[in-house]
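Accompanying notes for the structure given below.
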Amino acid sequence: MKAPAVDYLRPRTLTEAVDLLAHASVEARVIAGGQSLVAMMNLRVASPGLLIDIARLPELHAVASYSDAVTLGACVTHAAIEDRRVADPSRGLMPRVASTLAYRAIRTRGTIGGSLALSDPAAEWPAVLAALDAEVVLYGSSGRRSLKCTEFTTGIFQTKLAQNEILESARVPKLSPDARYGYVKLCRKSGEFASALAVVVTDPRRGYSRVVSGAANGSPLVLADTSRLVAEGPRDPDALRGTISGDLDRASDRHFDDFQRNLHTVAAMRAVQQVLV
Amino acid sequence: MIANRYIGSPVERFEDRRFLRGKGTYVGDLSRPGLLYAAILRSPRAHGRIRSIDATAALALRGAHTIITAAQIGSQVPRIPIRLQPLPVLVPYHQPVIAERKVRYVGEPIAVVLADSAAIAEDALDLIRVDIEQLPPVPDRHAAAKAEALLFEETGTNLAIRYIAAKGDPGRVWARADYVRRERFAVQRHTAVMLEPRGVLAEWDAAHGRLTVSGASKVAFFNRRILAEQMGLAEDAIDMVENDVGGGFGVRGEFYPEDFLIPFAARFTGRPVKWIEDRREHLIAANHAREAECELKIACRYDGTIVALQGDVYVDVGAYNRTNGMVGARNIAQFLSGPYRIPDIRIEASLLLTNKTPVGTYRGPGRFEADFFRERLFDIVARDLGIDPVEFRRRNLLTAAEMPYSIATITPYEHKDAFDSGDYRLTLDRCLQEIDWAEKSKLQGKLVDGRYQGLGIGCFIEGSAAGPRENARIELESDGTVSIFVGSSAVGQGLETAFAQIAADALEIPIDRIRGVFHGSTAFVREGFGSFHSRAVVMGGSAILLAAESFKQAVRTAAARQLGCEPGAVRLVEGRLAATPDGKSVSFAELAGGGISAEESFANSRHAYSYGAHAAHVAVDPRTGGVEVVDYVAVEDVGRIINPMLLKGQMVGAVVQGLGGALLEHLVYDDEGQLMTGSLADYLLPTASDFPSIRAVVTETHPSPINPLGAKGAGEGGVVPVGGVIANAVASALAPLNVQPHELPLSPSRIWHLIETAHEMQQQLRE
Ligand SMILES: Cc1cc2nc3c(=O)[nH]c(=O)nc-3n(C[C@H](O)[C@H](O)[C@H](O)COP(=O)(O)OP(=O)(O)OC[C@H]3O[C@@H](n4cnc5c(N)ncnc54)[C@H](O)[C@@H]3O)c2cc1C
């Protein structure tokens, strides 16, 4: 499991990185924490000709707190979020999620931007940031653009990131003090990718509530009816289960088998119950 | 009796001094000038005929040197013989060291690339073009039995062999038995995944015609014999060198294709060659294990006394019969009765060839499977008969008065065996006490915070001390310290520490007078037999005892000569001085000039059986199928405890491996013979955080009568009962839902489906 030979460059600025990416004559890829990309190269399922190392670009480590949101640079690591070394817009949800993501060794290098850019269907950040109604900021040769996370990830390992673009940051709305959230990761052993994920965020003061299923055979799945029901504070578990089932049924393109369907239902039920307690 | 200072105490591991300082030396750490790295092209197909191999592009790659295929090896591609219990009928199924005309599993070596670096070697692999005509694969034992496709056309069958384990005559029992029950069980394919994969470094000294092979482990002397024959060398022209290893578990150290290919490549190129197995390779190239199914029938009296056990076992052995590929199946047959009194037994075990990686032994081979079958069956039977499962076991466990107790004889091979000593009820009682069964059993089947609580128990025996011999030599060094040389090999079990304890006690010297314990490599003793069948401490340790006696005699004789007295009058003082009663003395260092050394061999044809019981408390989430191991207790009686810390470490580690097999690990193949769980992202290995609460308790109530130490093996037992114990605990938890697991692993989806099915059946009954 040795990676094929590859050229490596470490630009000093984000603009330089985008230039390199846009003008490379071979297949170029940025490398952040390398926790997915290096494994893919070692398994020879990815063999880029050029690696552009963005892990130390100061722009991508910038964290800024505004009145309504926090922007997190793409290269903020899972561990920095877990340890609360960066501002937390989510009142504890993101640190809690980070602590369940992979193993500590991987969290010290793996980045939030890398995770979003890759959009592994079983990954936590795409689902959690979708539930938080976050946006990603993409920077490319033709400038900057923002996209809602719910639109950014389009499928299994598929996003709207263009070949010459770098994910610069994520803009995460701040939860109000009244907000509540629930988070459930079902997996077979510690540190493993999820078999089912459910994230619930409800913020009555902002009139916001959303339930998202992750590890859902595609992009994070917003459970629309369940989201509405959560806003009402449902008390009847059977009604809740029925609504979740309805949402999952509508996502027929996900081809859940019986067991997966059950897991997603259980995860969503439990995540919602955390909000109601 | 020898003065005892060290045996029985938790002496800290000497090995850890180098490991904790990063000073351990693994085969991967070795380098040599002019070293070439090997990478192995492995078959991407499960079954096919090789039409052509085109290495032109690969050889053109800068830094790639040589490519070896069957063509380079010569007209006769060597085959790997069977180490344990070879039989002529198995010869057709011996694995060739490289695929010749056919490939029979995904992962079978087709070519070896030698290059300046491992990365270049892998680049070159990608450039080799192999044309394989696909043949219909035999993906499982059912297809093997149908024999529509054959792995070996020349034998006309996919059934390699059938073993029969027999005792008494169960045939006469069935018609008039009080109670008979039939069940079918299955264990999934899984295997040892050591922290450090395998590796070989070979050096050919053309001037002297000598070969040195590093990375040897487990059975270096046996492997040297195979290699010598395959390479046309004298055995003593080869040195096998043992290095530190990151785990063995039965899988490391057997003779694999690479154990020929790398030495051959070194001689072929005249340069040192190194190959280090990578993780993905390990999962398709190293021995698999444990895939077995059974159909059993048991007869009991109404009071729970077992009368007879009969049945068929089907073992999927993969594409070839490797060095120890039969052991698992024969052990299932012979040890299905476990530590229990069963007068009439007949078990037939069929070994079926399939297009999958060949199997070999993995810690507790066959016993893990057999224990799952039996202990699960016992709980089902006890429930039928309305007898408490603990009581059912106690009634049938063997007692001290019955020792030695003859077990089923296995044929072919006519292997007769008997348990040596013990009272098997003692460990059961101790286990119940340690887990507080009386109190905890009240929880069985109760829902606590949405999870069903369950308790499971299982008993086991562990075979050990395989013969024929082991050798040890003790030498006096010039500074008066002693060195121990032994034919046993280290596979991470703390051998140096255990042997130093035994030697220090036997020599009546402080342990720090032992300069080192040297093991495993072929240069250290005339002949060695290595580490398998939990034999190292029993066999190597006994050899050290014998060598120590001779050594002390030699010291006394030499001292007597210098001091002018009778050897019998010489007293040895603290491993430093040999003294006469009237106060004259000579130091060990002074005596060393005369060259004092003693080598002895301990021979043994019987087996020592350790035994014990495990119990688990689990919580099962009926909605997700998830199992949490809340508490786990392992009790084992090993006859004589050399080092309780090492022993408990072995047990806890083995339990974790067993939990992996019970709950997580599964080598899944599809119908084409492709491995679907080929990386650690899919092949789930247990980690410490998954199973934090495991307790080990060790006892030594019944020393083994068959060796001077009284010791019994302790490396494997901890894994043996785990599958059965966990499955019983899950069954106990889900008793209200009427769920009876019959298959491992108990994955969340399996448990969930069992619950769903039981639920549907109950509804149908109601309607
Ligand atoms: C054993 C193991 C277990 C894991 N378990 C989990 C888990 O449970 N949950 C989970 O979510 N993840 C898990 N991961 C993945 C881990 O979180 C990765 O760190 C993460 O998915 C990728 O982040 P990275 O910074 O390492 O990205 P890299 O590996 O460096 O890159 C990944 C991909 O994203 C691209 N990329 C990276 N950054 C950017 C950017 N800023 N702009 C554009 N493209 C970019 C790269 O070009 C590459 O294609 C696990 C990984 C391992 C090895």
Side-chain angles (χ1 to χ4, degrees), chain A residues 1-6 35-36 38-47 49 99-100 102-106 120-123 184-198 215 237 240-241 244-245 256-271 273-274 277, chain B residues 37 39 61-63 115 117-127 197 276-283 450 621-628 656 659-660 663-666 678-692 745-757:
Chain A
M1 288 209 277
K2 302 282 180 228
V6 62
Q35 296 305 294
S36 296
V38 173
M40 284 152 56
M41 288 169 60
N42 285 343
L43 289 164
R44 294 184 178 236
V45 293
S47 42
S99 73
T100 68
Y103 307 91
R104 180 71 193 186
I106 286 156
D120 186 309
V184 170
K185 176 181 187 178
L186 297 177
C187 59
R188 289 185 60 189
K189 53 172 264 195
S190 54
E192 206 219 342
F193 273 107
S195 319
L197 275 176
L240 176 62
R241 195 189 312 266
I244 293 169
S245 274
F256 296 128
D257 63 31
D258 287 354
F259 178 60
Q260 284 177 322
R261 237 190 89 90
N262 166 70
L263 278 191
H264 285 294
T265 311
V266 172
M269 289 281 293
R270 289 183 182 169
Q273 274 149 6
Q274 290 173 8
V277 166
Chain B
Y37 294 81
L61 190 75
R62 195 191 178 127
S117 75
I120 296 173
E122 286 189 34
D123 288 348
L125 286 190
D126 288 347
L127 299 173
I276 302 294
E277 181 181 61
D278 71 34
R279 189 60 71 190
R280 192 171 35 164
E281 230 177 353
H282 177 83
L283 289 170
D621 183 332
R623 301 212 179 272
T624 63
V627 176
E628 186 198 345
V656 174
L659 289 168
L663 296 163
L664 297 168
E665 299 176 47
H666 194 176
S679 84
L680 296 190
D682 303 304
Y683 186 85
L684 303 183
L685 276 184
T687 54
S689 45
D690 297 308
F691 302 114
L746 291 168
S747 61
S749 71
R750 189 188 306 281
I751 290 179
W752 183 78
H753 279 112
L754 284 172
I755 294 173
E756 288 292 294
T757 316

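Letters go in sequence order (proteins before strands), and every chain restarts at 1. All values derive from a computational prediction rather than experimental measurement.
- Within the 4.5 angstrom heavy-atom criterion, only backbone atoms of B/L663 (N, CA, C, O) approach chain A.
- Taking CD from A/Q260 and CG from A/N262, the interatomic distance works out to 10.5 Å, rounded to the nearest 0.5 Å.
- Here the side chain of A/R241 pairs no donor or acceptor atom with the backbone of A/T265 at under 3.5 angstrom.
- The part of B/T687 that comes within reach of chain A is its side chain, from C-beta onward, which places non-hydrogen atoms under 4.5 angstrom from that chain.
- Residue pairs satisfying the salt bridge (Lys or Arg N to Asp or Glu O under 4.0 Å) criterion with at least one member in residues 257-271 of chain A, sequence neighbours excluded, are listed as follows: A/D249-A/R261, A/R270-B/D621.
- Looking at A/R44 and B/D123, a side-chain N of the basic residue comes within less than 4.0 Å of a carboxylate O on the acidic one, giving a salt bridge.
- Residue B/A681 touches chain A through its backbone alone, counting heavy-atom pairs closer than 4.5 Å.
- Comparing B/G626, B/G625, B/S679, B/A119 by how many heavy-atom pairs each has under 4.5 Å with chain A, the most go to B/A119.
- Of the listed residues B/E122, B/H753, B/E756, B/R623, the one with more heavy-atom pairs under 4.5 angstrom with chain A than any other is B/E122.
- Heavy-atom distances place both the backbone and the side chain of B/S747 under 4.5 Å from chain A.
- Heavy-atom pairs under 4.5 Å with chain B peak, among A/A267, A/S190, A/S47, A/A196, at A/S190.
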**OP:** Decide side chain to side chain contact (heavy atoms under 4.5 Å, CB included) for A/K2 and B/D278; before the verdict, give the C-alpha distance in whole Å, the side-chain angles of both, and the deciding distance to 0.1 Å.
**Re:** CA-CA 9 Å; A/K2 302 282 180 228; B/D278 71 34; over 6 Å; no

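- The CD1 atom of B/I120 lies 12.0 Å from the CG atom of B/L125; values are rounded to the nearest 0.5 Å.
- Of the two parts of A/A39, neither the backbone nor the side chain holds a non-hydrogen atom closer than 4.5 Å to a non-hydrogen atom of chain B.
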